[in-house]
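Scroll down for the structure; my scribbles are underneath it.
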Amino acid sequence: MTLDLARRTALRRRIRLLVGVTITYNVIEAAVAITAGAAASSAALIGFGLDSIVEVASAAAVAWQFSAADPERREKAALRVIAISFFALAAYVTFDAVRALLGAGEAEHSTPGLILAALSLLVMPFLSGAQRRAGRELGSASAVADSKQTLLCTYLSGVLLAGLALNSLFGWSWADPIAALIIAAVAVKEGREAWRGDACCAVPAATEEQGCGTCAPGCSCCSPSGG
């Protein structure tokens with residue numbers, strides 16, 4: 001079954017709305033994180049703010065794609081921007097984590113940072129899930145890839161929250177950079193998939209109902225955890 005024009009139009013409108021909300025939230029998030037990070041000498045908070053800027057670039061690529069009358073024509077270019085965003089994020093997080101492990105600076109307690117990380121941990125999964133569902137139904141690889149970028153922000157929020165809390169409570173400054181390196185590895189994997197145009201999960205709902213026969217081997221949507 002093929003999506004009719006009205007449904008495709010509605011899904012494109014929904015994706016544009018979700019992308020707009022994501023961009024707005026991340027601009028605010030970046031400003032708060034970088035300001036709070038500078039005040040507390042927290043590399044983790046500053047890195048989180050820079051990640052928000054990367055997410056804005058990723059979401060802007062999708063907004064640009066869906067501003068066209070025929071978004072599919074811009075799909076590959078949008079995927080490339082998203083892939084580069086993932087690679088840039090991985091590079092910075094790795095650099096920042098290694099700096100922290102080598103003892104570059106001692107971060108202070110940051111109440112605004114803790115509040116921001118907790119809020120993002122609540123907000124980002126909803127934005128990511130809504131965009132992923134719309135992207136899959138529409139069959140848009142770029143919308144699904146951008147939803148993964150937003151989901152990655154959820155993981156980074158958890159890492160930041162844990163790092164700030166452990167540092168404040170126990171002085172365990174090593175916890176955050178170790179977890180950040182794991183996040184960087186995930187970002188590289190997602191970036192490679194976006195660069196290749198791996199859209200195994202960006203399939204119309206009718207195709208999903210037929211099973212995973214059209215998915216690439218190892219695709220997350222074919223695994224029990226790939227909801």
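- In this structure, Gln131 and Thr22 approach most closely via the heavy-atom pair OE1-OG1, 4.5 Å.
- Criterion: ILVMFWY side-chain heavy atoms under 4.5 Å apart, direct or through other members. Under it, Ile82 and Val188 are not part of a common hydrophobic cluster.
- To the nearest 0.5 Å, atom CG of residue Leu127 and atom SG of residue Cys153 are 9.5 Å apart.
- Closest non-hydrogen pair, Ala117 versus Leu160, comes out as CB-CD2, 3.8 Å.
- Scored by the side chain to side chain donor-acceptor pair (under 3.5 Å) test, Arg74 finds Ser67 as partners (sequence neighbours excluded).
- Listed by first then second residue, pairs satisfying ring pair (Phe, Tyr, Trp, His ring centres under 6.0 Å) with a partner in residues 122-171 read Phe170-Trp172, not counting sequence neighbours.
- There is no path of hydrophobic side-chain contacts, each under 4.5 Å, that joins Leu151 to Val81.
- Between Glu193 and Lys189 a salt bridge is recorded (basic side-chain N to carboxylate O distance below 4.0 Å).
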Enumerate, atom names and distances included, each donor-acceptor pair closer than 3.5 Å involving a side-chain atom of residues 9-18, sequence neighbours excluded.
residue : atom : partner : partner atom : Å
Thr9    : OG1  : Leu5    : O            : 2.8
Arg12   : NH2  : Glu72   : OE1          : 3.4
Arg12   : NH2  : Glu72   : OE2          : 3.4
Arg16   : NH1  : Phe66   : O            : 3.2

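- When hydrophobic clusters are built by joining Ile, Leu, Val, Met, Phe, Trp and Tyr residues whose side-chain heavy atoms come closer than 4.5 Å, directly or via intermediates, Ile182 is not grouped with Leu156.
- Under the salt bridge (charged side-chain N to carboxylate O under 4.0 Å, His left out) criterion, Lys76 pairs with no residue, sequence neighbours left out.
- Looking at residues two or more places apart in sequence or on another chain, you find a side chain to side chain donor-acceptor pair (under 3.5 Å) between Tyr25 and Ser120.
- Remark: Thr111 engages His109, Ile115 in a side-chain contact (heavy atoms from CB on, under 4.5 Å) (not counting sequence neighbours).
- At a threshold of 4.5 Å between side-chain heavy atoms, the hydrophobic network of Ile, Leu, Val, Met, Phe, Trp and Tyr places Leu121 and Leu45 in one connected group.
- Every side chain to side chain donor-acceptor pair (under 3.5 Å) that Gln65 has, sequence neighbours left out, goes to Glu75, Ser142.
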Only distances under 3.5 Å count here; give the side-chain donor-acceptor pairs of residues 52-64 to other protein atoms, sequence neighbours excluded, each with its distance to 0.1 Å.
residue : atom : partner : partner atom : Å
Ser52   : OG   : Glu29   : OE1          : 2.5
Ser52   : OG   : Phe48   : O            : 3.2
Ser58   : OG   : Asp146  : OD1          : 2.5

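- Ser128 contributes no side-chain N or O that, together with a main-chain N or O of Met124, makes up a donor-acceptor pair within less than 3.5 Å.
- For Pro112, the side-chain contact (heavy atoms from CB on, under 4.5 Å) partners are Ala36, Ser110, not counting sequence neighbours.
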Side chain to side chain contact (heavy atoms under 4.5 Å, CB included) between Lys148 and Leu152, worked out: CA-CA 6 Å; Lys148 291 181 179 181; Leu152 191 62; over 6 Å; no
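- Applying the side chain to side chain donor-acceptor pair (under 3.5 Å) criterion to Thr24, with sequence neighbours excluded, gives no partner residue.
- Ile23 and Leu89 fall within the same hydrophobic cluster, defined by Ile, Leu, Val, Met, Phe, Trp and Tyr side-chain heavy atoms under 4.5 Å apart, directly or through other members.
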